[in-house]
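Structure provided below as structure tokens; questions to follow.
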Amino acid sequence: MQFMTILWQEYVIFKRKFWSTTTGSMVGPVLYLIAFGWGLGSEIKVGGTGYVSFVIPGIIGLSTMTASFSNIANSINISRIYEKTFEEFMIAPLNMMVYAAGKITAGALRGMYSGLLILLLSLAFRAGVRIDAYFIAIIVLNCFVFSALGFAVGLLIDSHADMGKFTNFIITPMSFLCGTFFPLDKMPFGLKQLIWVLPLTHTSLGLRSRGEDPLSMASHLGILMLYFIVFLFLGARLCKKAE
Amino acid sequence: MLVFENLTKKYGDITAVDNLNLKIEEGEFFGLLGPNGAGKTTTIRMLSTLTPPTGGSISMDGRKMDRNLTELKAKIGVVPQHMNLEGEMTAWQNLELHGRLYGLRKELRRKRIDELLQFTDLSGRAHEPVKNFSGGMKRKLMIARALMHAPRILLLDEPTVGLDAAVRRKMWDLMKELNKNGLTVLLTTHYIEEAEVLCTRVGLMNGGRLVELDTPKRLIEKTGKFVLEYFDHGTTRTSFFNSRQEAIESAAGMEGSVNIRPANLEDTFIKLTNRKVGD
Ligand SMILES: Nc1ncnc2c1ncn2[C@@H]1O[C@H](COP(=O)(O)OP(=O)(O)OP(=O)(O)O)[C@@H](O)[C@H]1O
Ligand SMILES: [Mg+2]
């Protein structure tokens with residue numbers, strides 16, 4: 001089972017770096033929770049609820065996005081350009097689709113791990129988050145979407161500096177604008193439509209979908225799914241052609 | 001059997017490998033020699049399907065090499081020129097990963113890992129992360145890894161660079177032993193001595209072209225096995241001898257510092273090209 005082999009390898013490395021990974025992936029969310037939850041949250045109400053309960057789904061969305069994306073994008077990029085460990089997989093009698101599936105699943109699991117950490121943290125902040133199957137499905141999909149994107153980007157970009165640029169110009173703006181910290185309808189016309197198209201927006205909307213009609217709830221799942229398929233396809237193509 | 005047919009690789013304006021035609025028979029120990037940038041690594045990379053040729057082809061047992069032909073790839077073992085072990089994993093885990101990727105059963109993996117770690121004197125360090133290893137230890141582990149799945153063809157890209165003399169000898173013995181048991185070996189090296197000890201046939205590459213193809217003995221006879229370097233009127237001069245003794249005798253009357261060393265590829269190569277120009 002080569003798929004399991006790839007997960008096994010990721011697990012071995014995850015285990016070795018367990019504490020630094022765990023503490024590292026809590027720093028961001030804790031700061032967001034303090035700044036936007038405690039700092040601002042006690043004063044502000046959004047859409048009838050307290051700001052803390054509003055912002056936590058946003059923080060979960062953006063943190064699982066960043067964790068899934070950056071972990072796999074950097075690991076593929078470094079293994080391809082600097083450590084050359086990527087070659088070991090290219091030389092092996094391994095179908096590159098299996099490699100893609102394994103890596104993307106590992107990245108998504110890593111994202112889910114940080115999602116779990118934030119849920120635990122938010123308990124500490126005593127913010128009531130209602131977790132149901134739909135909520136979990138959105139998080140899982142979000143992790144797969146950005147893990148697949150990270151996989152493709154890690155293969156596409158040929159230097160570590162450009163990886164940083166991609167994060168600066170694409171990932172970070174998304175993490176602030178896609179309905180994570182404030183509702184989308186505060187946006188001016190034009191920008192709002194642009195942001196509506198982005199995947200993280202549908203994660204934020206999905207995670208706060210209480211009271212939405214079933215059709216738009218389904219549309220969030222559908223759009224995320226579509227993104228996942230597109231990124232997966234792109235990653236698989238790049239992987240087949242990689243040198 | 002490996003057949004390279006009009007094999008060409010271009011990177012922009014650079015022709016890394018230029019119309020290479022070569023047959024390597026089953027069981028051969030073939031050496032590719034050449035100075036830096038000759039195209040040795042590029043040839044090996046095309047053979048291991050890491051990079052596709054720009055023109056021509058490589059076939060193995062009559063089938064054209066392709067990245068998607070996993071049965072063919074399973075028969076090849078590769079020791080790349082640069083270190084590419086997983087530094088965060090232990091030696092044992094690196095070998096285990098390789099064994100799993102090549103579909104070896106658990107008992108066989110355990111058995112081969114033990115054997116190979118023992119052979120490379122790494123048993124005592126088996127459970128240490130590879131990033132703590134010395135350069136030579138990493139290289140030994142890479143050789144062990146390439147042998148994990150008992151390949152039929154072994155590609156070695158400068159496998160003994162960075163190994164101390166004793167380990168290098170041991171590696172040579174191992175490679176010879178493996179070759180005697182039927183393994184086909186394709187080795188690249190800068191050391192003509194290494195090619196002499198190991199290879200049944202040698203191809204000399206320069207600027208992407210195969211410029212000589214012969215047994216090592218005959219290649220070395222064309223130049224001389226030992227070099228005497230001496231300083232003369234502001235320039236370093238070299239002369240070639242067939243034995244260290246002859247070189248020493250010739251150096252006996254010289255003043256200043258002289259240096260006698262085994263000839264390497266650069267010497268051979270320069271001499272061969274000079275001879276061609278002089279013809
Ligand atoms: N990825 C690449 N992009 C551009 N040029 C390349 C690439 N790889 C190799 N080359 C060029 O191809 C030529 C052959 O390189 P190659 O690495 O095959 O040489 P080599 O014989 O292995 O040399 P060395 O003894 O230094 O290892 C060189 O001119 C090199 O610059
Ligand atoms: Mg090389």
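Chain identifiers are assigned alphabetically (A, B, ...) following the order of the sequence lines, protein sequences preceding nucleic acid strands; residue numbering begins at 1 within each chain.
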Could you tell me whether the side chains of B:H82 and A:E83 share a donor-acceptor contact shorter than 3.5 Å?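 Distance-only check fails for B:H82 and A:E83.
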Within a reach of under 6.0 Å around OH of A:Y11, are more than 12 heavy atoms found that belong to other residues, nucleotides or ligands?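 Check fails, neighbour count at 12 or below.
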B:E28 atom CD: more than 12 heavy-atom contacts under 6.0 Å: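 Counting other residues, nucleotides and ligands, CD of B:E28 exceeds 12 neighbours.
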What option among A:E88, A:M96, A:K17 has the most heavy-atom pairs under 4.5 Å with chain B?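 Top count of heavy-atom pairs under 4.5 Å with chain B: A:E88.
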Against chain A, label B:H149 side chain, backbone, both or neither, depending on which of its atoms sit under 4.5 Å from a heavy atom there.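 Neither part.
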Which one wins on heavy-atom pair count under 4.5 Å against chain A: B:P52, B:G77, B:G103?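 Ranked by contacts with chain A, first place is B:P52.
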Below 4.5 Å, heavy atoms only, C-beta onward: do B:K73 and A:I91 meet side chain to side chain?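 They are not in contact (no side-chain heavy atoms under 4.5 Å apart), so the answer is no.
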What residue, out of A:M1, A:Q9, A:Q2, has the most heavy-atom pairs lying under 4.5 Å from chain B?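 Result: the option with the highest number of such pairs is A:Q9.
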So with a 6.0 Å cut-off around OH of B:Y11, is the heavy-atom count from everything else above 12?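 Atom OH in B:Y11 is packed in, count exceeds 12.
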Please check if the number of heavy atoms outside A:R16 that lie under 6.0 Å from its CZ is greater than 12.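 Yes, because the 6.0 Å sphere around CZ of A:R16 holds more than 12 heavy atoms from other groups.
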Are any of the side-chain heavy atoms of B:L97 and A:T5 separated by less than 4.5 Å?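 Yes, at least one pair of side-chain atoms sits under 4.5 Å.
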Please report the closest heavy-atom contact between A:A92 and B:Y102, naming both atoms and the distance.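 What the structure gives for the nearest pair is CA-OH, 3.4 Å.
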Provide the closest heavy-atom pair for B:Q93 versus A:W8 in the form atom of the first, atom of the second, distance.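 Looking at all heavy atoms of both residues, the shortest contact is O-CH2, 3.7 Å.
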For the student: nearest non-hydrogen atoms of A:K241 and B:R67, plus distance: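 So the two residues come closest at C-NH1, 3.7 Å.
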Name the option with the most non-hydrogen atom pairs under 4.5 Å to chain A; the candidates are B:R145, B:K75, B:E71.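 Sorted descending by pairs with chain A, the first entry is B:R145.
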When rounded to the nearest 0.5 angstrom, what distance separates CD in B:E86 from OG1 in A:T85?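 Answer rounded to 0.5 Å: 5.0 Å.
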To check you understand the geometry: which heavy-atom pair defines the closest contact between A:L94 and B:T70, and what is its length?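 For A:L94 and B:T70, the tightest heavy-atom pair comes out as N-CG2, 3.8 Å.
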Report the option among B:L85, B:T90, B:N84 that has the most heavy-atom pairs separated by less than 4.5 Å from atoms of chain A.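 Answer, by heavy-atom pair count under 4.5 Å with chain A: B:N84.
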Step-by-step side-chain contact (heavy atoms from CB on, under 4.5 Å) determination, B:M89 to A:I13: CA-CA 7 Å; B:M89 298 201 329; A:I13 291 172; 4.0 Å; yes
What option among A:M4, A:K240, A:E87 has the most heavy-atom pairs under 4.5 Å with chain B?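 Most heavy-atom pairs under 4.5 Å with chain B: A:E87.
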